[in-house]
Amino acid sequence: MGEYFKELFGGTKSLVVGLGITIKHMVKPVVTLQYPHESLKMSARFRGHIELLGDEETGASKCVVCGMCQRACPSGCIALAGEKPEGAKKKVLTSYVLDFTKCSLCGQCVESCKFGAITFSKEYNLAGPRKEAYIFDLKKRLEERSG
Amino acid sequence: MMFIPEPLRLLAFVVGIIAFIALNAAYLVWLERKVAGHIQRRIGPKEVGPFGLLQPLADGLKLMSKQLLVPKGVDPYLFKVAPLLVLVPAVMSFVTIPFSENLVARNIDIGLLVIFAFASVNVMGLLLGGWGSANKYAVISAARCVSQNVAYEIPMLITVITMIMVTHTMNLNEIVMQQDGSLLNWYIFRLSASPLMPVAFLIFFTCSLAETNRAPFDLGEAESELIAGYHTEYSGMGFGVFFMGEYANIIIGCSLATILFLGGWQCPLGLYPGWWWFLAKVYLLIFCVMWIRWTYPRTTLWGLLNLSWKYLIPISLVNLLLTGAMIKLWPLLKTFLMGAS
Amino acid sequence: MISLFTAEGLAGLFFLFIVAVTISGGLIAINSIRLPRAISGLALCFVGLAGLYYYLNSPFVAVMEMLIYVGAVCVTIVFAIMLADPGDEERIGHQSAISAPVSFGVGALLFWGMAILGVNTMWPVAAAKINDGSVKAIGHSLLTTYSMVFELISVVLLLAIIGSLVLARAGRDKS
Amino acid sequence: MSDLARSQNQETFVLNLGPQHPATHGVLRVKLTMDGEYIVEAEPVLGYIHRMHEKMGENRTWAQFMPNTARLDYLGALSYNHGYVKVVEQAMGIEVPERAEYIRVITVELNRIASHLLWFGAFVLDLGGFTPLLYAFDDREHILDLLESVTGARLTFCYFRFGGLYNDIDDDFVTGSRAFIKRLRKRMPDYHNLVTKNIILITRLKDIGILPGEMCRKYGATGPVLRGSGVDYDVRKNEPYSVYPELDFDVPVYSECDSMARYMVRMDEMEQSMRIIEQALDKLPAGPIMPEKVPKILKPEPGDYYSAVEAPRGTFGIRVVSDGTNKAYRLKLRSPTFSNLSLFGEASQGMLLADALALMGSLDLVIPEIDR
Amino acid sequence: MNILNLSNILEVYLVIAALLFGMGIYGLLHRRTLIGMLISSELILAAASLNFMTFSRFLAPDPTTGQIFTLFIMGIAAAEAAIALSIIIAVYRNYKSIDTEDVAGLQG
């Protein structure tokens with residue numbers, strides 16, 4: 001009999017305590033961020049999709065078309081090409097395409113780059129209606145930014 | 001009032017009740033989402049209209065514009081009738097609920113019984129809906145709903161019988177009238193009727209939670225077990241009507257609790273009584289229902305039956321006995337005390 | 001002559017509706033091939049009957065009809081169908097071709113006979129009522145005149161509960 | 001209907017739990033043969049999101065396989081990272097700087113707390129309580145913020161490198177971690193009062209889903225499932241690795257074998273992880289995070305290497321066979337949930353559907369890790 | 001006789017009751033499943049109750065008698081339904097059918 005009442009009162013008490021906790025939280029301010037109206041500040045190290053870095057003076061890409069990033073990429077989403085103009089010492093980048101649909105944001109490309117030519121973008125809310133919207137021509141994006 | 005013919009008055013009430021239920025179902029969903037949101041430290045609906053107040057409208061439009069899919073292999077008539085079987089009895093139950101002294105569609109002597117009679121049809125709707133869906137989850141859910149409803153009807157009716165013994169009437173208006181005056185006249189605090197009155201209120205409230213399939217007794221639509229239970233296969237307004245019926249039943253449960261225990265439209269402060277007091281009390285109870293829903297995990301069928309047979313039924317029986325004893329003893333005791341003083 | 005647009009007229013109209021509900025419910029109940037539909041017909045019929053009882057000045061019995069028949073008996077039958085799952089009647093059993101007309105004939109004959117009997121009998125003039133037949137009066141006679149029957153009914157119900165439990169369990173143990 | 005059920009003349013039916021079902025947390029399908037609400041037979045059907053990680057490991061260079069390990073169990077990514085770098089370091093004989101090991105332990109334990117928090121919320125959600133999930137998410141977000149600030153990702157961390165780390169932690173991370181631990185310590189009583197002591201939860205978990213230690217051993221269950229069955233086995237203690245031997249922590253073991261025991265093990269593990277993090281933060285040495293010389297192209301000596309770590313869900317073992325090239329010859333992953341789930345079929349026999357789902361929740365399934 | 005005044009006429013109820021009774025008998029003979037027969041028998045009981053109620057309302061000096069009889073019929077019907085259905089389920093468990101033909105072996 002004692003056990004019965006102990007269970008009854010103990011159980012009821014636990015239920016009341018639970019109610020107390022939820023009401024306590026109810027009167028506290030909300031913790032969520034109202035996403036489309038407020039946007040999130042990404043941390044400095046946030047790994048978004050990659051972006052080409054331009055030279056500070058000329059604005060041209062620092063890439064020397066060594067192909068390390070292409071080889072490092074596990075998903076094979078980087079395609080780049082370059083040519084050696086007449087008389088130049090280094091190769092010049094002609095196209096750098098990132099297929100973001102395959103990218104797993106591992107960051108191996110950035111790590112493998114010895115020349116600091118690529119970096120992570122801080123863009124995080126990417127959305128688009130078509131697959132093609134995620135095939136980024138990074139060279140064009142670089143030119144648009146610098147010019 | 002006198003020259004309005006009774007049928008027209010009834011018709012006006014029925015239309016009013018349907019509007020009341022529809023509005024309430026819509027805005028209780030809004031309220032539920034807001035309560036849930038704030039309990040979980042979120043905001044809840046906010047995009048449509050100020051404070052998301054137009055959200056129910058958007059939801060309603062969405063539900064109405066959706067196709068009512070009738071799955072293969074179901075009985076199409078039963079499938080379509082089942083949601084109505086949940087909603088219509090709920091609407092009918094409102095006929096006897098007094099919102100205030102005069103604001104009652106039909107003030108009949110057996111009002112309390114009428115509500116239970118209509119409420120019992122509700123089970124039929126769930127059963128036909130669940131079973132008519134030709135879906136195994138829905139069948140399990142329907143079976144659960146019925147066992148739950150039947151199990152909890154026992155303590156609920158015992159408590160109601162206790163109340164009838166105390167009030168000597170099944171007329172809801174009269175029950176409210178008896179609770180006139182100070183706060184201590186509310187039956188929940190009327191310890192002279194039975195010392196277990198507050199417990200009786202708790203039992204009644206718990207049972208009405210179980211009867212309306214609300215959490216923590218929402219075994220019927222346990223989403224992590226049975227997807228959506230008996231309305232898994234319903235889309236569009238089929239689902240919408242089930243939903244309205246469910247909310248209407250919650251309002252009925254809370255109204256009954258208010259009428260039986262919390263003094264109906266009577267005002268605790270001695271101010272002018274009125275329907276707003278009634279609604280305030282009902283909404284307070286509805287808030288508690290929501291609060292409970294967003295706090296507890298779900299019970300199982302065994303836990304539920306255990307609670308009913310091990311705690312609710314014995315305690316309500318004890319209450320019944322105590323009330324009977326008090327009815328006989330209290331007058332004696334009172335005269336004895338009077339004589340002593 | 002009662003005009004349609006009075007309380008009595010509307011009540012009369014509603015009575016016709018109730019009768020229609022009762023009869024159509026009964027027809028669905030006996031004619032549906034699908035059992036669940038038959039039961040919803042039965043429930044409809046009981047709702048109609050409750051309405052008829054209301055017109056017979058006994059709202060209490062009407063409410064009890066709803067509570068017990070619609071809320072309990074029909075639900076129990078649906079439950080039994082769920083457990084036994086017999087499927088549609090068409091699928092099962094074979095019956096001789098004459099069964100339907102013969103049973104229809106018997107039913108119609110009984111109906112005809114009883115209806116004729118009911119209509120043609122000169123019923124005695126109603127005696128003076130000794131009470132109003134209200135809930136209070138019912139309760140009073142239940143606990144005085146009919147108390148023995150009342151007790152027996154409860155014993156019967158108790159036995160029914162135990163009996164059905166035993167039957168249901170026995171079926172289970174065998175499997 | 002199975003032959004067994006048919007022969008016993010039971011009224012059974014088959015219920016397909018999944019592949020799309022709220023309780024399976026993903027695309028797991030469990031074929032249940034039911035007698036009413038009782039389960040006669042349960043057969044988990046896997047493979048709905050199989051991605052051939054093992055085969056991918058044989059076709060990618062050692063470094064390129066790294067992101068895959070984060071995608072096995074997306075809730076405990078760092079433990080899987082750790083397991084992988086550990087086996088490659090073992091194969092290559094790379095020494096890891098002490099600071100890097102400490103940071104590894106700190107981040108892995110943070111990740112373990114995040115994983116357990118999410119499990120806690122999802123488990124209570126399985127039992128029908130929605131609110132604790134959101135509270136747990138609130139706390140978990142803080143961990144993800146911390147981890148994002150060092151790793152750059154919120155879920156599929158790819159933080160460890162052969163020999164060390166991708167980048168160093170800063171003071172903000174250290175103070176943030178300490179602040180987080182303080183915050184979580186304050187929140188734990190709320191969780192216990194709201195959930196653990198709740199009578200409804202207790203009745204749903206106590207003596208439900210008994211997994212005897214013998215059964216766990218038979219199926220190779222590990223992690224909290226095993227420790228909830230009274231077997232004191234934790235890779236961090238039994239086969240010490242990294243800097244765990246230098247840190248003082250307990251391995252919570254409960255011998256009730258029921259769902260409640262597994263629940264309590266995880267709740268206690270969160271406390272222990274907090275202890276580990278605090279100690280590691282105190283002891284955190286200065287120094288480099290990468291060894292001075294790491295070969296550019298990894299070509300381990302031909303051989304057979306195995307290494308195991310304690311992931312949030314149990315022992316994550318990884319075995320690689322190298323043939324001396326820059327790719328693995330064979331790569332085998334031993335994921336804990338796969339063995340833990342295997343229990344379900346036997347353990348759920350004769351249980352009620354609701355209880356079986358509580359049992360399934362207490363196993364803490366992450367489907368991509370089962371299917372690999 | 002006004003069509004709107006039917007509710008006050010004794011014979012109307014008697015005819016409805018007779019109709020329900022006839023339907024019940026027809027169903028009882030025609031139905032092939034036990035549950036179908038149970039449904040029909042419920043209709044017969046309903047017809048009887050309606051008759052009781054009618055006479056009680058129109059003829060009896062004590063209007064409670066008929067009501068009480070009806071209440072008793074309800075009690076009996078509930079008990080009957082419970083017992084009948086558990087028998088049906090028990091029969092179904094053994095015969096895998098609730099067809100009257102199939103369970104003919106129950107006799108004797």
Side-chain angles (χ1 to χ4, degrees), chain C residues 1-2 9 12-13 15 19 23 26 29-30 35 38 42 49 53 55-58 61 64 68 72-73 76 80-81 83-84 86 89 92-93 95 99-100 103-104 106-108 110-111 114-115 118-119 123 126-130 133 137-138 141-142 146 149 153 156-157 160 163-164 167-168 171, chain E residues 2 4-7 10-11 13-16 18-23 25-27 29-30 32-33 35-36 38-40 42-43 46 50 53-54 57-64 67-68 70-72 74-79 81-83 85-90 92-93 97-99 101-102:
Chain C
M1 192 74 188
I2 300 168
L13 199 65
F15 178 74
V19 171
I23 292 171
I30 54 164
L35 281 176
L42 189 68
L49 261 175
Y53 291 164
Y55 275 91
L56 288 169
N57 284 350
S58 39
V61 180
M64 290 313 277
I68 293 175
V73 174
T76 324
I81 297 180
L83 289 172
E89 276 216 327
I92 51 176
Q95 211 160 11
S99 150
S103 35
F104 181 78
V106 173
L110 276 167
F111 163 61
M114 287 178 67
V119 173
W123 299 108
K129 304 278 176 195
I130 56 169
I138 296 172
S141 26
L142 260 187
Y146 302 100
V149 193
I153 284 282
V156 167
L157 278 173
S164 41
L167 278 170
Chain E
N2 190 313
L4 294 178
N5 198 22
L6 288 179
S7 64
L10 168 71
E11 283 81 2
Y13 293 97
L14 292 183
V15 170
I16 295 171
L19 188 57
L20 285 180
F21 185 77
M23 288 198 275
I25 291 290
Y26 163 69
L29 294 174
H30 180 57
R32 274 170 276 165
T33 55
I35 291 180
L38 184 69
I39 292 173
S40 308
E42 292 291 347
L43 278 181
L50 184 57
M53 291 292 288
T54 312
R57 152 80 169 79
F58 288 102
L59 302 175
D62 183 355
T64 60
Q67 299 189 33
I68 284 170
T70 311
L71 289 176
F72 286 158
M74 281 176 196
I76 297 290
I83 286 287
L85 289 171
S86 39
I87 290 175
I88 289 170
I89 288 167
Y92 176 74
R93 284 223 170 93
S97 163
I98 53 166
D99 190 338
E101 304 264 313
D102 294 346

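Only a predicted model underlies this, so the values are computations on that prediction, with no experimental measurement involved.
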Counting only heavy atoms closer than 4.5 Å, note whether [X] contacts chain E via side chain, backbone, both or neither.
{"X": "C:L142", "result": "both"}
{"X": "C:A137", "result": "both"}
{"X": "C:L42", "result": "side chain"}
{"X": "C:A29", "result": "both"}
{"X": "C:I68", "result": "side chain"}
{"X": "C:F111", "result": "both"}

Which atoms of [X] approach chain C - backbone, side chain, both or neither, heavy atom under 4.5 Å:
{"X": "E:I87", "value": "both"}
{"X": "E:F21", "value": "side chain"}
{"X": "E:L20", "value": "side chain"}
{"X": "E:I68", "value": "side chain"}
{"X": "E:L71", "value": "side chain"}

Looking only at heavy atoms, the pair that brings E:A18 and C:A115 closest together is CB-N, 3.9 Å

So which heavy atom on C:A160 is nearest to which on E:A79, and how close?
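Minimum heavy-atom separation between C:A160 and E:A79: CB-CB, 3.5 Å.
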
Residue, of [options], that accumulates the most heavy atom pairs under 4.5 Å with chain E:
{"options": "C:S58, C:A38, C:G163, C:S141", "value": "C:S58"}
{"options": "C:L157, C:V73, C:V61", "value": "C:V61"}
{"options": "C:V19, C:V106, C:V156, C:L49", "value": "C:L49"}

Just how far is it from atom [atom1] of [X] to atom [atom2] of [Y], taken to the nearest 0.5 Å?
{"X": "E:M53", "Y": "C:N57", "atom1": "CE", "atom2": "CG", "result": "9.0 Å"}
{"X": "C:I30", "Y": "E:L29", "atom1": "CD1", "atom2": "CG", "result": "11.0 Å"}
{"X": "E:Q67", "Y": "C:L56", "atom1": "CD", "atom2": "CG", "result": "9.0 Å"}
{"X": "C:T76", "Y": "E:I83", "atom1": "OG1", "atom2": "CD1", "result": "12.0 Å"}
{"X": "C:I153", "Y": "E:M74", "atom1": "CD1", "atom2": "CE", "result": "11.5 Å"}
{"X": "E:I25", "Y": "C:F104", "atom1": "CD1", "atom2": "CZ", "result": "14.0 Å"}

Top of E:I16, E:L38, E:L43, E:T64 for chain C proximity - count of heavy-atom pairs under 4.5 angstrom
E:T64

Most contacts with chain C, counted as non-hydrogen pairs under 4.5 angstrom, among E:L85, E:V15, E:T70, E:T54
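Maximum pair count with chain C is reached by E:L85.
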
